[in-house]
Amino acid sequence: TCWRRSTACLTTTKYVLLFALNCLPSTNTVEQQELFIPETQQVVRPHPHFRLFATQNPPGAYGGRKALSRALRNRFVELHMDEIPDVELKEILERRCACPPRVCGQMVEVMKELQRHRQGSHLFAGKYGFITSRDLFRWAGRLALESSYGKDVVAQDGYCLLAERLRKDEEKAVVAQVLEKVLKCKLNVESWYVHSSVTASFLSLSLSRFLSRFLSRFLSFFYLFALN
């Protein structure tokens with residue numbers, strides 16, 4: 001279905017939008033200006049009025065992005081977008097996620113602090129490889145589900161989103177330090193896991209008891225059914 005839609009767009013005056021062009025494993029199709037479909041062994045060439053649009057993040061600022069060749073870049077008309085100003089970013093968070101202005105300002109400050117820390121060290125890959133505006137919106141989306149916007153709640157949700165996906169403990173420590181500095185609170189991460197482990201053990205014990213009772217009754221019923 002996907003290649004059929006792509007073929008229909010190529011052969012008409014429609015357009016295709018590619019997201020994160022410099023994250024694609026191969027750009028041969030774009031460079032050769034034709035599409036090869038292995039399933040049908042068909043080569044599709046675009047309509048003269050067909051247009052291709054693409055977006056990407058800068059390879060030097062974001063981790064995992066590669067630099068495009070000069071030949072490929074010459075096929076596009078490039079438009080460079082500046083960063084969203086802090087004031088506008090706060091307003092977007094406030095209107096889109098319905099977060100208080102104070103919390104929005106703190107979240108933006110956390111992002112700036114983490115980006116400044118990246119600029120001064122080689123701990124993270126890329127200036128925005130650690131935290132981006134998307135992470136900011138995810139963070140605000142989590143807060144919208146909370147019953148309050150206390151600084152402890154904001155810090156805990158931010159740590160779970162930003163730090164728990166990291167592999168190194170020193171990177172998690174940096175996130176915790178920035179959150180504590182900006183939000184002026186103390187994170188006790190170990191207590192979260194102690195509570196979670198106790199809850200998990202209780203659930204596991206309850207589930208094992210339920211399964212043992214269910215199996216014993218089922219075997220008894222099966223035995224009586226076999227005798228009859």
Side-chain angles (χ1 to χ4, degrees), residues 14-24 51-68 73 76-121 123-167 171-187 189 192:
K14 296 182 179 180
Y15 65 90
V16 172
L17 175 60
L18 300 178
F19 290 96
L21 180 62
N22 54 351
C23 289
L24 295 178
R51 291 294 179 267
L52 176 66
F53 298 90
T55 64
Q56 70 172 37
N57 289 318
Y62 286 78
R65 273 71 176 178
K66 61 183 179 181
L68 300 178
R73 294 181 59 181
F76 291 91
V77 177
E78 296 185 359
L79 298 177
H80 297 269
M81 305 296 177
D82 295 332
E83 297 183 13
I84 303 176
D86 295 349
V87 178
E88 295 183 7
L89 189 57
K90 295 176 185 177
E91 185 177 356
I92 293 174
L93 286 172
E94 182 180 353
R95 293 190 178 185
R96 177 177 177 179
C97 305
C99 291
R102 173 185 59 84
V103 177
C104 295
Q106 292 173 342
M107 294 169 60
V108 174
E109 183 60 27
V110 169
M111 184 180 70
K112 295 300 180 183
E113 283 289 334
L114 290 174
Q115 291 177 353
R116 281 194 289 267
H117 185 275
R118 168 61 189 94
Q119 289 178 337
S121 67
L123 189 61
F124 308 118
K127 176 184 176 183
Y128 302 98
F130 181 64
I131 179 174
T132 64
S133 56
R134 291 184 179 180
D135 298 323
L136 218 56
F137 291 125
R138 293 191 186 102
W139 188 4
R142 289 191 176 191
L143 292 175
L145 302 176
E146 300 288 352
S147 58
S148 64
Y149 290 95
K151 57 184 180 181
D152 294 332
V153 177
V154 177
Q156 182 174 353
D157 285 353
Y159 183 88
C160 292
L161 176 66
L162 301 175
E164 291 298 349
R165 62 187 180 184
L166 301 175
R167 299 180 180 179
E171 295 177 356
K172 297 181 179 181
V174 172
V175 177
Q177 293 173 3
V178 172
L179 289 171
E180 291 176 349
K181 175 184 176 182
V182 176
L183 298 172
K184 296 180 174 58
C185 64
K186 183 64 177 178
L187 292 176
V189 182
W192 306 345

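Everything quoted here is computed from the prediction, not taken from an experiment.
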* Structure fact -> Closest non-hydrogen atoms of Pro101 and Glu94, given as atom of the first, atom of the second and distance, are CG-OE2, 3.4 Å
* **Lys112/Glu109 salt bridge by N-O under 4.0 Å criterion** => no
* Asked: So, Glu171 and Arg167, do they make that salt bridge, N to O below 4.0 Å?
  -> no
* Structure fact -> Closest non-hydrogen atoms of Cys97 and Phe137, given as atom of the first, atom of the second and distance, are SG-O, 4.3 Å
* Looking at side-chain heavy atoms only, is the closest gap between Arg138 and Arg134 below 4.5 Å? -> yes
* Structure fact -> side chain to side chain contact (heavy atoms under 4.5 Å, CB included) with Cys104: of Leu136, Asp86, Leu93, only one passes, and it is Leu93
* Structure fact -> Closest heavy-atom pair, Glu78 versus His80, reported as atoms and distance to 0.1 Å, is OE1-NE2, 3.4 Å
* Nearest-0.5 Å distance that lies between atom CD in Gln56 and atom CZ in Phe76 -> 9.0 Å
* Heavy-atom donor-acceptor pair, Lys90 side chain to Val108 backbone, under 3.5 Å -> no
* Check: Leu162 and Leu114 side chains under 4.5 Å, non-hydrogen atoms -> yes
* Inter-residue atom distance Met111.CE - Ile131.CD1, 0.5 Å rounding -> 6.5 Å
* Asked: Is there a donor-acceptor contact under 3.5 Å from the side chain of Glu180 to the main chain of Leu187?
  -> yes
* Kindly give the heavy-atom pair with the smallest separation between Tyr149 and Arg102, and that separation in Å. => O-NH2, 3.3 Å
